[in-house]
Amino acid sequence: MTGAQMVVQAMKDHGVEHLFGYPGGAVLPIYDVLFQQDEVKHILVRHEQGAGHAAEGYARSTGKPGVMLVTSGPGATNAVTPLQDALMDSIPLVCISGQVPTTLIGSDAFQECDTVGITRPCTKHNWLVKDVEDLARILHEAFYVATSGRPGPVVVDVPKDVQFATGTYTPPPSRVVHESYRPRLDGEIERIRAAVAMLAGAKKPIIYSGGGVINSGPEASRLLRELAEVTGFPVTSTLMGLGAYPASGKAWLGMLGMHGTYQANLAMHDCDVMLCIGARFDDRITGRLDAFSPNSKKIHIDIDPSSINKTVHVELPIIGDVGHVLADMLRIWKEEKRAVDAEALAGWWKRIDAWRARNCLAYRQDGGTIMPQYAIQRLYELTKHRKTFITTEVGQHQMWAAQFYGFEEPNRWMTSGGLGTMGYGLPAALGVQIAHPDALVIDIAGDASVQMTMQEMSAAVQYGAPIKIFILNNQYMGMVRQWQQLLHGNRLSHSYSEALPDFVKLAEAFGGVGLRCEKPGDLDAAIEEMITVDRPVIFDCCVANLANCFPMIPSGKAHNEMMLPDEATDEAVANAIDAKGRELV
Ligand SMILES: Cc1cc2nc3c(=O)[nH]c(=O)nc-3n(C[C@H](O)[C@H](O)[C@H](O)COP(=O)(O)OP(=O)(O)OC[C@H]3O[C@@H](n4cnc5c(N)ncnc54)[C@H](O)[C@@H]3O)c2cc1C
Ligand SMILES: Cc1ncc(C[n+]2csc(CCOP(=O)(O)OP(=O)(O)O)c2C)c(N)n1
């Protein structure tokens, strides 16, 4: 086989049905092989960043690896953002890049860049293939590394002469045993036993779950629900873990962290035993580290040993896969006939309910302007009975989506958490829709973010992917404006979205459908119309310009120093002045 044929054969052997890519000189041999087969379907994006985010959406919504193909030089450098995004959010991504011929490497050849050098810090692992005889082994290893243990992105850089060369293709081994990389799945039983004892003795427990539960697969979510049921413990989750425990579940406290709920953050602050499941104590969660949950003993289940004690010291680490560890934990709980301290737990729930009564997500929908929170609530009510997937861009809309859209199942929520990449949501929606052609796929967007990868509307139209881009249009980089208002003396430096395009006309120019809604009373009908249109839609939802997203823990502050809606500085909002000296109301 030629190297190019091996690349495509390996994809088939690893069950790849869709590939997101963009051609160029250094990958033409691979494109030629793709042309001559129809098992692997190639989705032509409009920018390599779009290929990466589409592959991420595809991966997150299916549990399978996302695959992308890019050319050398600018193709590879355009892939850097999604690679780093996937690294931070633990998404399995296999990126095949073309490279200049081996004889030209290092000569400043046309479209040459040091792809392995550039992508080394933003991949879990990467390879430059110098000999066609190594190619099959490396491709199989790449799929293994991307999908096993803590998932992540990998790059296989294939010079053009290696794509033309012929060699022997070996199919993937039935079981990969890697010399040095062997992630541990089962947790140490004695530690799990100790964790069970700690949980049974808890008086003010909390379950803090994260993206690792989603990564582990649907069985892990089922076990999390069972653990919450068996113990009656309250559950909160990070942004990345939403849906693993249902938003309608009786133990649900809402998301925690910077824009998390009052009850979730105060319960984290005051708990005596914290069970962290597949989460990584991110700084949006901990706030001021020395004030983070000062009186609790912490148990941390994580597949990646480097996540343990990275920022927060834990008393009881358990290294292993969430699904495996929770199965053992529940088995031991039952075998040992463990029971919770019911009286203490009832008292703890009473306190939590008092915090909940603070109604921290309250907002007022009166007057003729659509409040962004109301728009998400209506979107949720009108789509919750369907098979709906939500992606987002980055900003206030992302946080309102996390707060007001109720996720009942895992793998339905795709957002850029770690890197916070504006421009993620539209291509991610394309990837999700390609994987789930019959589902309703909505990108909850901001007017600024959506312009970063808007060109992928063209790909959506080409592939008949009827994604819905639901823009909360506040004419601002709202999240930036919010920080400027609250933390930078109200100086709104360059956060006003000047010269916005007419999103309705833009949708039409792409061959999609454009809808606009300006009044709360028209919202339901407009959303219904968006849902029923079987084409890509851009929905321009004009919302209150100066609404802020609360609760908010300003960075570097402690959980109990949260800002709540009615404590917001109304004066600051009223006296806002933008970079051009305009007064804003
Ligand atoms: C504007 C903005 C605001 C934000 N505000 C918030 C906020 O208010 N609240 C919030 O929660 N986040 C917020 N985030 C997201 C935040 O930055 C982090 O991305 C997020 O908190 C990390 O989630 P996580 O801890 O679940 O970790 P992930 O990044 O999902 O990492 C998963 C962890 O689980 C482990 N793991 C992976 N697979 C397995 C497995 N199979 N078994 C066991 N362990 C596994 C990994 O090793 C890792 O440690 C915000 C982001 C943005 C852009
Ligand atoms: C690529 C990139 N550049 C800059 C930022 C910093 N940033 C975070 S939120 C935000 C504003 C987002 O505005 P918009 O998309 O309109 O959403 P809103 O906050 O108004 O809902 C910016 C600039 C980022 N996250 N990503």
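When side chains are defined from C-beta on, Leu239 counts as touching Gln398, because their heavy atoms get closer than 4.5 Å. Residues Ile467 and Asp443 form no side-chain contact, since every pair of their non-hydrogen atoms from C-beta on lies 4.5 Å or further apart. Contact of the Asp89 side chain with the Arg60 side chain is not registered, since no non-hydrogen atoms from C-beta on lie closer than 4.5 Å. No side-chain heavy atom of Val33 sits under 4.5 Å from any side-chain heavy atom of Val7. At least one side-chain heavy atom of Ile192 sits less than 4.5 Å from a side-chain heavy atom of Val325. For the pair Val155/Leu83, a side-chain contact is recorded, criterion being any heavy-atom separation below 4.5 Å from C-beta on.
A distance-only check finds no donor-acceptor pair linking the side chain of Gln482 to the backbone of Gly478 [under 3.5 Å]. Checked by atom type and distance alone, the side chain of Gln433 pairs as donor or acceptor with a backbone atom of Ala439 at under 3.5 Å. Using modelled atom types, no side-chain atom of Lys12 and backbone atom of Glu17 make a donor-acceptor pair closer than 3.5 Å. Looking at Asn411, its side chain never comes within 3.5 Å of a backbone N or O of Thr62 through a donor-acceptor pair. Side-chain N or O atoms of Ser416 include one that pairs as donor or acceptor with a backbone N or O of Thr421 at under 3.5 Å. Under a 3.5 Å cut-off, the side chain of Trp127 and the backbone N or O of Leu135 do not form any donor-acceptor pair. With Glu56 contributing its side chain and Leu93 its backbone, the two residues share no donor-acceptor pair below 3.5 Å. Counting only distance, with no hydrogens or angles, the side chain of Ser216 and the backbone of Gly323 share a donor-acceptor pair below 3.5 Å. Ser449 places no side-chain N or O within donor-acceptor distance of the main-chain N or O of Gly446, the cut-off being under 3.5 Å. Panel note: side chain Thr286, backbone Leu289; no donor-acceptor pair is recorded below 3.5 Å.
For Lys41, the NZ atom is densely surrounded, since the number of other residues' heavy atoms within 6.0 Å is greater than 12. No more than 12 heavy atoms of other residues, nucleotides or ligands lie within 6.0 Å of NZ in Lys130, so this atom counts as exposed by the packing criterion. With a 6.0 Å radius and a threshold of 12 heavy atoms from other residues, nucleotides or ligands, Tyr22 has its OH atom at or below the threshold.
Applying side-chain contact (heavy atoms from CB on, under 4.5 Å) to Met479 and the options Met422, Gln484, Met399 leaves one that passes, Met399. Screening Asp157, Thr115, Thr119 for a side-chain hydrogen bond (donor to acceptor under 3.5 Å, both in side chains) with Asn126, the sole residue that qualifies is Thr119. A side-chain hydrogen bond (donor to acceptor under 3.5 Å, both in side chains) with Tyr181 is found for exactly one of His125, Lys124, Glu141, namely Lys124. Each of Asp302, Asp304, Asn309 was compared with Ser306 under the side-chain hydrogen bond (donor to acceptor under 3.5 Å, both in side chains) criterion, and only Asp304 meets it. Among Val8, Val154, Leu69, the single residue meeting the side-chain contact (heavy atoms from CB on, under 4.5 Å) criterion with Ile96 is Leu69.
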Listed pairs under 3.5 Å, donor-acceptor, residues 162-171 side chains, sequence neighbours left out:
{"from": "Gln163", "atom 1": "NE2", "to": "Ala26", "atom 2": "O", "distance (Å)": "2.8"}
{"from": "Gln163", "atom 1": "NE2", "to": "Val158", "atom 2": "O", "distance (Å)": "2.9"}
{"from": "Tyr169", "atom 1": "OH", "to": "Asp13", "atom 2": "OD2", "distance (Å)": "2.7"}

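Between His300 and Phe281, the ring planes lie perpendicular to each other; the angle is over 60°, past the 30° to 60° tilted range. Below 30°, between 30° and 60°, or above 60°: for Phe143 and His14 the angle between ring planes is below 30°, a parallel geometry.
Comment: Arg222 engages Glu219 in a salt bridge, judged by a side-chain N to carboxylate O separation of less than 4.0 angstrom.
At a cut-off of 3.5 Å, with distance as the only test, a side-chain donor of His436 or Ser61 sits close to an acceptor on the other residue. Side-chain contact, Gln475 with Arg481: no donor N or O sits under 3.5 Å from an acceptor N or O.
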Report task. Start with the C-alpha distance between His53 and Glu456, add both sets of side-chain angles, then the distance that settles side-chain contact (heavy atoms from CB on, under 4.5 Å), and finish with yes or no. Result -> CA-CA 11 Å; His53 295 321; Glu456 302 309 339; over 6 Å; no
Query - Steps toward side-chain contact (heavy atoms from CB on, under 4.5 Å) verdict (Arg46, Leu44) - result: CA-CA 7 Å; Arg46 302 303 191 256; Leu44 177 68; 4.0 Å; yes
Query raised in the report: Stepwise, does the side-chain contact (heavy atoms from CB on, under 4.5 Å) test hold for Val312 with Lys298?
Result: CA-CA 9 Å; Val312 170; Lys298 301 173 186 73; 3.8 Å; yes
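Scanning for ring-ring contact (aromatic ring centres under 6.0 Å, His included) contacts around His42 gives Tyr31, with sequence neighbours left out.
For Gly187 against Ile318, the heavy-atom pair with the smallest separation is CA-CG2, 4.0 Å.
Atoms CE and CD1, on Met6 and Ile138 in that order, are 11.0 Å from each other to the nearest 0.5 Å.
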